[in-house]
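Below is one structure, written out as structure tokens, with a few remarks after it.
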Protein chains: 2
Amino acid sequence: MAQKPSIPKGTRDFSPAEMMRRGYIFDTIKSVFRLYGYAPLETPSMENLSTLLGKYGDEGDKLLFKILNSGDYAAGLTDQELHSASKICEKGLRYDLTVPFARYVVQHQNEIAFPFKRYQIQPVWRADRPQKGRYREFYQCDVDVIGSRSLLNEVELVSIVERVFRALRINVTLKMNNRKILYGIAETTGHADKMIDITVAIDKLEKVGIDNVKAELEERGISRSAVEMLQPILELSGTNSEKLDKLEAIIGGSQTGMQGIEEMRTVFSYIEQAGIALKTELDLSLARGLNYYTGAIFEVKADDFAIGSICGGGRYDDLTGIFGMPGVSGVGISFGADRIYDVMAGLELFPEEADFSTKVLFANLGAEEERCSLTLLATLRDSGIAAEIYPDAGKMKKQMEYANRRGIPYVVIIGSDELAKKAATLKDMRSGEQKVVPFTELAGAID
Amino acid sequence: MAQKPSIPKGTRDFSPAEMMRRGYIFDTIKSVFRLYGYAPLETPSMENLSTLLGKYGDEGDKLLFKILNSGDYAAGLTDQELHSASKICEKGLRYDLTVPFARYVVQHQNEIAFPFKRYQIQPVWRADRPQKGRYREFYQCDVDVIGSRSLLNEVELVSIVERVFRALRINVTLKMNNRKILYGIAETTGHADKMIDITVAIDKLEKVGIDNVKAELEERGISRSAVEMLQPILELSGTNSEKLDKLEAIIGGSQTGMQGIEEMRTVFSYIEQAGIALKTELDLSLARGLNYYTGAIFEVKADDFAIGSICGGGRYDDLTGIFGMPGVSGVGISFGADRIYDVMAGLELFPEEADFSTKVLFANLGAEEERCSLTLLATLRDSGIAAEIYPDAGKMKKQMEYANRRGIPYVVIIGSDELAKKAATLKDMRSGEQKVVPFTELAGAID
């Protein structure tokens with residue numbers, strides 16, 4: 001094979017440098033999840049197509065990666081049947097972590113102690129057209145609690161968001177909305193059936209301005225009087241509590257709308273009680289996953305870096321119903337690892353520990369020196385210091401270059417002089433300084 | 001969907017309890033890899049079929065999971081062509097970590113500082129017939145160094161093996177062999193072309209006994225005089241150094257064989273010099289991956305648990321040649337996570353920390369108590385204590401049951417009495433003991 005090998009479009013290799021930074025993000029997130037009692041879960045990469053199909057809409061079905069049946073996939077099929085992917089494929093790669101999670105909960109319901117709190121960090125696959133920032137394989141990082149309607153769960157997730165981004169040193173704002181409020185607005189205007197049209201139009205407020213939103217609302221069949229009624233909602237301002245009061249004055253007649261308002265009041269009061277300092281903002285234009293969420297909706301934006309939302313989620317009331325287990329409510333959020341990576345790289349927020357490398361390289365000057373180095377290497381590693389020896393005796397320049405390319409901060413040089421004195425030359429690669437350190441004190445000389 | 005959902009044959013869900021134990025194994029292994037300067041790498045789950053096909057033999061090609069082209073996979077194909085998997089699939093799931101690693105090295109050769117030390121822990125997929133202990137999706141955990149012929153690399157891997165299994169508290173024996181010695185044996189008998197036949201027969205020594213091995217050798221076309229010559233090799237005993245001396249007396253005339261003997265002598269002497277206490281045993285019946293390895297061969301067996309090898313590997317001289325980059329030598333080993341898990345479960349070696357759960361559950365007695373708990377929860381979490389609140393006020397029995405099922409060791413009870421006294425009732429779920437602890441001292445009362 002003369003041609004240089006490549007990888008499929010939309011997929012990525014993660015180099016050691018990238019892996020260490022990604023590992024820093026995932027480890028930070030995981031340790032916060034555990035602090036709140038969430039436990040890890042993994043499901044298979046492949047699910048039966050019957051589990052996946054029909055769960056993501058027609059568009060989603062098309063984006064599933066299907067796996068050809070193994071063995072003689074075409075056995076016994078007519079040519080006609082061969083044209084149907086459903087005949088030659090029974091399995092597909094998971095499209096998200098939510099549907100497999102629902103499948104897991106239903107399948108294992110008798111073993112699970114509800115409320116069930118789990119996190120899951122695994123890749124998902126989508127046969128989307130690859131483009132900048134959109135991949136065909138990418139990690140999702142989900143945290144959900146299922147089997148409880150308590151709003152304490154929403155507050156717990158808000159607290160997790162605060163703690164994760166504080167640990168990662170990213171300044172963020174959490175935007176919240178509630179599907180029940182959106183329904184209440186639609187109901188109040190007399191267009192309960194047009195909740196999605198109204199929300200889609202309002203969603204563009206920031207981008208296109210109030211006049212264009214009003215025009216779009218009319219185009220979408222909302223009556224002029226209803227649009228006028230919406231005007232104060234579009235112009236809502238003030239603190240979260242002021243916004244909720246104004247909202248009540250307009251949509252308080254809708255029972256569902258009122259429920260949504262009360263839910264948000266409870267959540268905001270809990271947030272205060274829990275001492276959560278995260279900026280939280282009621283944003284009625286937030287419409288994320290509307291077909292899916294039934295209560296609170298969350299979205300997190302980085303304050304200092306222009307990129308889409310880096311985290312989001314909400315409450316769903318019937319995740320497991322599709323698998324025959326109705327009435328189980330849950331709430332969850334998902335952290336966008338790729339975007340968080342981009343924000344941290346852009347703002348140079350990765351700490352030094354995320355650029356982990358070997359701490360000490362033993363230069364290799366020959367056989368006798370190697371033997372001495374092997375003993376010292378074991379001592380350093382026993383002290384928890386990552387250390388290695390350049391495996392081949394050869395030009396010192398090449399060995400130093402290797403240390404530099406790898407970002408190794410210390411080089412230990414042991415030649416015949418050092419062997420005689422039982423002391424190593426320790427070179428600090430950052431400052432270029434050298435000092436002589438007795439073999440017995442070497443571990444202590446590495447910071 | 002009324003039917004209970006299921007997952008594809010040969011795949012697994014990993015429950016929180018399993019995940020935490022698996023995580024303990026992977027974290028231990030990773031931290032050792034890093035101590036030796038190995039850095040993480042990840043490659044995509046899908047590779048182009050041109051990368052995968054022809055690398056694992058005909059049998060391996062059949063076991064590849066192929067991914068149906070997305071979009072209209074059948075577009076423009078004749079019925080005839082539809083019968084050919086190669087026409088409707090361009091991508092496959094990775095079958096191991098070695099070929100993608102070789103592909104990565106060739107593709108990124110200009111960015112890599114050689115010798116390149118990497119570890120990779122990712123799932124692989126094989127369309128094998130599922131059976132006990134054999135899965136269609138399983139993790140591999142590989143560590144390799146590529147771009148150096150130095151035997152110091154072999155010693156480093158031996159040292160890694162020692163440190164990993166010491167950390168996991170598994171008693172093991174490392175068996176070693178060398179492909180060059182095996183060639184030397186075949187050459188000495190006058191059957192250089194029958195190295196694989198000879199090795200396959202010798203491989204069965206422990207199972208079937210010396211007479212059956214000799215019979216099989218003759219069946220495989222080895223002359224009687226050659227079989228007689230092999231007799232002392234089959235009966236080889238003593239220390240590694242004694243074995244090598246006896247071997248030299250027999251096959252010392254073979255240049256390749258002598259090279260293998262010298263290599264093993266060097267490795268064993270380095271092992272001693274590095275203070276490695278791991279039991280290491282020259283085992284000429286070790287034939288692992290013979291078509292592939294060119295020098296040292298490793299295999300690790302658990303001493304106290306009957307199961308196949310739990311770790312193995314060797315040196316290969318031309319991993320990247322298949323992708324047009326010849327002459328790059330490397331050596332690596334792979335840890336078998338599933339088997340290591342089975343050994344640790346069987347011998348009850350998992351430490352308590354691998355059964356991580358929430359440390360403290362706050363019982364939920366109502367709205368006012370919830371508010372107080374929220375403040376205390378934040379304090380505990382600030383101290384690094386994993387804590388949660390039962391989200392719904394309800395029967396205490398149900399809440400206690402939840403704590404028990406989750407294995408949560410402490411329950412904090414705050415009712416009206418406790419609110420008045422600003423002191424919580426702290427219940428130790430293991431002993432059943434209760435004590436009253438002032439709110440301000442709660443974090444300190446959790447061990």
Side-chain angles (χ1 to χ4, degrees), chain A residues 1-2 4-5 7-8 11-14 16 19 34-37 39-46 48 51 65-68 70 74 79 82-83 85 89 91 103-104 106-107 113 115 127 137 148 150 152-153 270 273-275 323-324 358 371 374-375 378 381 386 388-389 391-392 402 405-406, chain B residues 1-2 4-5 7-8 11 13-14 16 19 34-37 39-46 48 51 65-68 70 74 79 82-83 85 89 91 103-104 106-107 113 115 127 137 148 150 152-153 270 273-275 322-324 358 371 374-375 378 381 386 388-389 391-392 402 405-406:
Chain A
M1 186 184 299
K4 213 174 177 186
I7 53 177
T11 68
R12 291 170 285 176
D13 286 318
F14 293 112
M19 278 297 292
R34 293 194 168 203
L35 211 47
Y36 289 76
L41 178 76
E42 277 190 16
T43 60
S45 302
M46 313 175 173
N48 293 319
T51 298
F65 276 114
K66 299 184 186 74
I67 294 162
L68 196 66
S70 45
D79 290 340
L82 268 177
H83 282 271
C89 298
K91 295 180 287 289
R103 192 267 310 146
Y104 178 88
V106 175
Q107 196 177 332
E137 172 177 48
S148 161
S150 166
L152 281 174
N153 298 304
Y270 277 142
Q273 183 63 38
F323 296 117
T358 298
R371 288 174 191 278
L374 282 175
T375 315
R381 289 169 183 154
E388 59 181 285
I389 179 167
D392 301 282
Y402 172 80
R405 286 192 66 177
R406 291 275 312 276
Chain B
M1 187 184 298
K4 213 173 174 184
I7 53 177
T11 68
D13 286 319
F14 293 111
M19 279 297 292
R34 292 193 170 205
L35 210 48
Y36 288 77
L41 177 75
E42 278 190 15
T43 60
S45 302
M46 314 173 172
N48 293 320
T51 299
F65 275 113
K66 300 185 185 74
I67 295 162
L68 196 66
S70 44
D79 290 340
L82 268 177
H83 282 271
C89 298
K91 295 180 288 291
R103 191 267 309 145
Y104 178 88
V106 175
Q107 196 177 332
E137 173 178 47
S148 160
S150 165
L152 281 175
N153 299 304
Y270 277 143
Q273 184 63 37
I322 41 171
F323 296 115
T358 299
R371 289 173 189 280
L374 283 175
T375 315
R381 289 169 183 153
E388 58 181 288
I389 180 169
D392 302 282
Y402 173 80
R405 286 192 65 177
R406 292 273 315 274

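- Side-chain atoms of Glu42(B) never come within 3.5 Å of backbone atoms of Phe14(A) as a donor-acceptor pair (strictly under, hydrogens ignored).
- Put simply, of Thr375(A), Thr11(A), Leu68(A), Asn48(A), the one with the most heavy-atom pairs under 4.5 Å next to chain B is Asn48(A).
- The two atoms that bring Glu388(B) and Tyr36(A) nearest to each other are CB-O, 3.8 Å, heavy atoms only.
- With a 4.5 angstrom heavy-atom cutoff, Lys66(A) touches chain B via backbone and side-chain atoms both.
- Considering only heavy-atom pairs separated by less than 4.5 Å from chain A, the leading option among Ile389(B), Leu41(B), Asn153(B) is Leu41(B).
- Closest non-hydrogen pair, Tyr402(A) versus Ala113(B), comes out as CE1-O, 3.9 Å.
- Residue Gly37(A) comes nearest to Thr358(B) through the heavy atom pair CA-OG1, 2.9 Å, listed as atom of the first residue, atom of the second, then distance.
- Nearest heavy-atom pair across Pro16(A) and Tyr104(B) is CD-OH, 4.0 Å.
- No hydrogens or angles considered: a donor-acceptor pair under 3.5 Å links the side chains of Asp392(A) and Ser148(B).
- Of the possible donor and acceptor atoms, one in the side chain of Glu137(A) sits under 3.5 Å from a partner among the backbone N and O of Ser45(B).
- Contacts between Arg12(A) and chain B at a heavy-atom distance below 4.5 Å involve the backbone alone (N, CA, C, O).
- When Ala127(A), Ala274(A), Cys89(A) are compared by the number of non-hydrogen pairs under 4.5 Å with chain B, Ala274(A) comes out ahead.
- Across all their heavy atoms, Asp13(B) and Arg103(A) have their closest contact at OD2-NH1, 2.7 Å.
- Looking at Leu152(A), the atoms closer than 4.5 Å to chain B (heavy atoms on both sides) all sit in the side chain, from C-beta outward.
- For the atom pair CD1 (Ile67(B)) and CE (Met46(A)), the distance works out to 8.0 Å, reported to the nearest 0.5 Å.
- Using a 4.5 Å cut-off between heavy atoms, Gln107(A) touches chain B through backbone and side chain atoms alike.
- The choice from Arg371(B), Arg406(B), Arg381(B), Gln273(B) that makes the most heavy-atom pairs within less than 4.5 Å of chain A is Arg381(B).
- Smallest separation of non-hydrogen atoms from Lys91(B) and Phe65(A): CE-CE2, 4.0 Å.
- Rounding to the nearest 0.5 Å gives a distance of 7.5 Å between CG of Leu82(B) and CG of Asp79(A).
- Between chain B and the residues Pro8(A), Pro115(A), Ser70(A), Gly275(A), the largest count of heavy-atom pairs under 4.5 Å involves Pro8(A).
- The greatest number of non-hydrogen atom pairs below 4.5 Å with chain B, out of Ala85(A), Pro44(A), Ser150(A), is found for Pro44(A).
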